[in-house]
Amino acid sequence: MNEFADLFLPDAEGATSPDYYDFGCSSGGNLAFIAGFLPELKGVGIDINEAKVALAQNRGQEAIVRDILKMPESKQVDFVTMAHFLEHLLSTQAAGMFLRKAARIARSFVHVRQPWFDADGYLLSKGLKFYWSDWRGHRNAMTSLDFHKICRDLLAKGEIASFGIYGRGPIADSESEMVIPVDAPFDSQKYVETLGPKPAVGFEIPVFAEILVDIAVARGAESDANRRALLRRLDMKLPVVPIIESAGHCWP
């Protein structure tokens, strides 16, 4: 039997097929987040790390161990999410492979959310850094330009219908606890005084906590109720600002 058959076929008891996949689900945090406002949807988390999948399962989430890049490229679910996953990969090229796979599996849309790395050089020039930008586990610090290149190529090849890239959670100055001194140890967390003093700087460029990438796989995906619910929920918790949108794409 195909090792992936249990992902998208009803089992012997008639269980429903999943509505969405969460790629790189880790311990199930994004599955729990979506279940909090879309409880009627069935999400399946997929990760290659057995220990993390076990954590997700212990939290009551449905999750399985699979090599995502070996999954069949049939339209299996309404949408695919990737939350704080791609930055853990080895390269932007690898991230592009996962984005392409997601676009080929999702019928409607793909949603990506991860830390903001665009401001790393600017913060460095001010003697600062984001704490997540100096984590050893964050090997792939993708910027909005990196995402644009990948999405532009998928659009040109007809694999997606449109896309938008957004900043979430504007950060105005170095008072933010997410900003720490550049000399703070790697793998630090939010700012505490024991990390030492940091310069007081008002930021002169757009700086955000997260980057969001919204990809419409099929035309008409902009009106997908699940997409609207997900994006509006994120916008409700932290403001979202457009960075660039392809022709015909818009935030709901």
Asn226 and Asp78 side chains, donor-acceptor separation under 3.5 Å: yes
Heavy-atom side-chain proximity of Leu99 to Met82 below 4.5 angstrom: yes
Check: Ile150 and Met142 side chains under 4.5 Å, non-hydrogen atoms: yes
Test item: Glu62 side-chain N/O and Val44 main-chain N/O as donor-acceptor pair under 3.5 Å: no
Side-chain donor or acceptor of Asn140 paired with backbone N/O of Leu89 under 3.5 Å: no
Test item: Lys237 and Phe33 side chains (from C-beta on) under 4.5 Å apart, heavy atoms: yes
Atom pair CD (Gln93) and CE (Met97), whose distance is rounded to the nearest 0.5 Å: 7.0 Å
Cation-pi check, Lys198 onto Tyr191 ring (under 6.0 Å, within 45° of axis): yes
Atom CD of Glu73: over 12 foreign heavy atoms under 6.0 Å: yes
Residue pairs involving residues 204-245 (criterion ring-ring contact (aromatic ring centres under 6.0 Å, His included); sequence neighbours excluded): Trp116-Phe208
Connected via hydrophobic side-chain network under 4.5 Å: Leu31 and Phe37: yes
Exercise: identify the closest heavy-atom pair between Ile180 and Ala184: CD1-CB, 3.7 Å
Presence of salt bridge, Arg100 and Asp153, under 4.0 angstrom: no
Inter-residue atom distance Arg168.CZ - Leu238.CG, 0.5 Å rounding: 4.5 Å
Same cluster (ILVMFWY, side-chain, under 4.5 Å), Ile205 and Ile243: yes
In one Ile/Leu/Val/Met/Phe/Trp/Tyr side-chain cluster, 4.5 Å: Ile64, Leu55: no
Heavy-atom side-chain proximity of Leu230 to Tyr20 below 4.5 angstrom: no
Side-chain donor/acceptor of Ser162 to backbone N/O of His249, under 3.5 Å: no
Atom pair OG/CG of Ser108 and Asp19 - distance to nearest 0.5 Å: 11.5 Å
Main-chain N/O of Tyr131 paired with Ser188 side-chain donor or acceptor, under 3.5 Å: no
same_hphob_cluster(Leu69, Val217) at 4.5 Å side-chain heavy-atom cutoff: yes
Any donor-acceptor pair under 3.5 Å from Asp47 side chain to Val53 backbone: no
For Ala218 against Ala161, the heavy-atom pair lying closest together: C-CB, 3.7 Å
From Asp183 atom CG to Leu128 atom CG, the distance as rounded to the nearest 0.5 Å: 10.5 Å
Shared hydrophobic cluster, Ile215 / Ile34 (ILVMFWY, side-chain heavy atoms < 4.5 Å): no
Side-chain donor or acceptor of Lys75 paired with backbone N/O of Ala106 under 3.5 Å: yes
Any donor-acceptor pair under 3.5 Å from Lys126 side chain to Pro199 backbone: no
From CA spacing to verdict: side-chain contact (heavy atoms from CB on, under 4.5 Å), Ile48, Ile68: CA-CA 8 Å; Ile48 204 166; Ile68 292 168; over 6 Å; no
Minimal non-hydrogen separation, Ser246 against Leu155, with atom names: CB-CD2, 4.0 Å
Steps toward side-chain contact (heavy atoms from CB on, under 4.5 Å) verdict (Thr92, Lys149): CA-CA 10 Å; Thr92 299; Lys149 290 176 181 177; over 6 Å; no
Flag, side chain of His138 to backbone of Ser133, donor-acceptor distance under 3.5 Å: no
Cation-pi check, Arg66 onto Tyr21 ring (under 6.0 Å, within 45° of axis): no
Test log, rule side-chain contact (heavy atoms from CB on, under 4.5 Å), inputs Phe23 and Leu86: CA-CA 9 Å; Phe23 282 4; Leu86 296 178; over 6 Å; no
Heavy-atom side-chain contact between Glu87 and Phe117 under 4.5 Å: yes
Donor-acceptor under 3.5 Å (Tyr166 side chain, Glu210 main chain): no
Val110 side chain near Phe79 side chain, heavy-atom distance below 4.5 Å: no
Donor + acceptor pair across side chains of Asn30, His84 (<3.5 Å): no
Over all atoms of both residues, closest heavy-atom pair of Ala56 and Ser26: CB-O, 3.7 Å
Lys42 side, atom NZ; Ser17 side, atom OG - distance, nearest 0.5 Å: 7.0 Å
Side-chain donor/acceptor of Arg139 to backbone N/O of His88, under 3.5 Å: yes
Glu40, CD: over 12 other non-hydrogen atoms inside 6.0 angstrom: yes
Ion pair check, Asp134 and Lys129, cut-off under 4.0 Å: yes
Side chains of Ile211 and Gln114 in contact at under 4.5 Å (non-hydrogen atoms): yes
Heavy-atom pair with the smallest gap, counting every atom of Lys190 and Leu195: O-CD1, 4.1 Å
Distance-minimising heavy-atom pair for Pro252 and Arg227: CD-NH2, 3.9 Å
Side-chain heavy atoms of Leu231 within contact of Phe109, under 4.5 Å: no
Donor-acceptor pair between Thr81 and Asp22 side chains, under 3.5 angstrom: yes
His148 side, atom NE2; Phe163 side, atom CZ - distance, nearest 0.5 Å: 4.0 Å
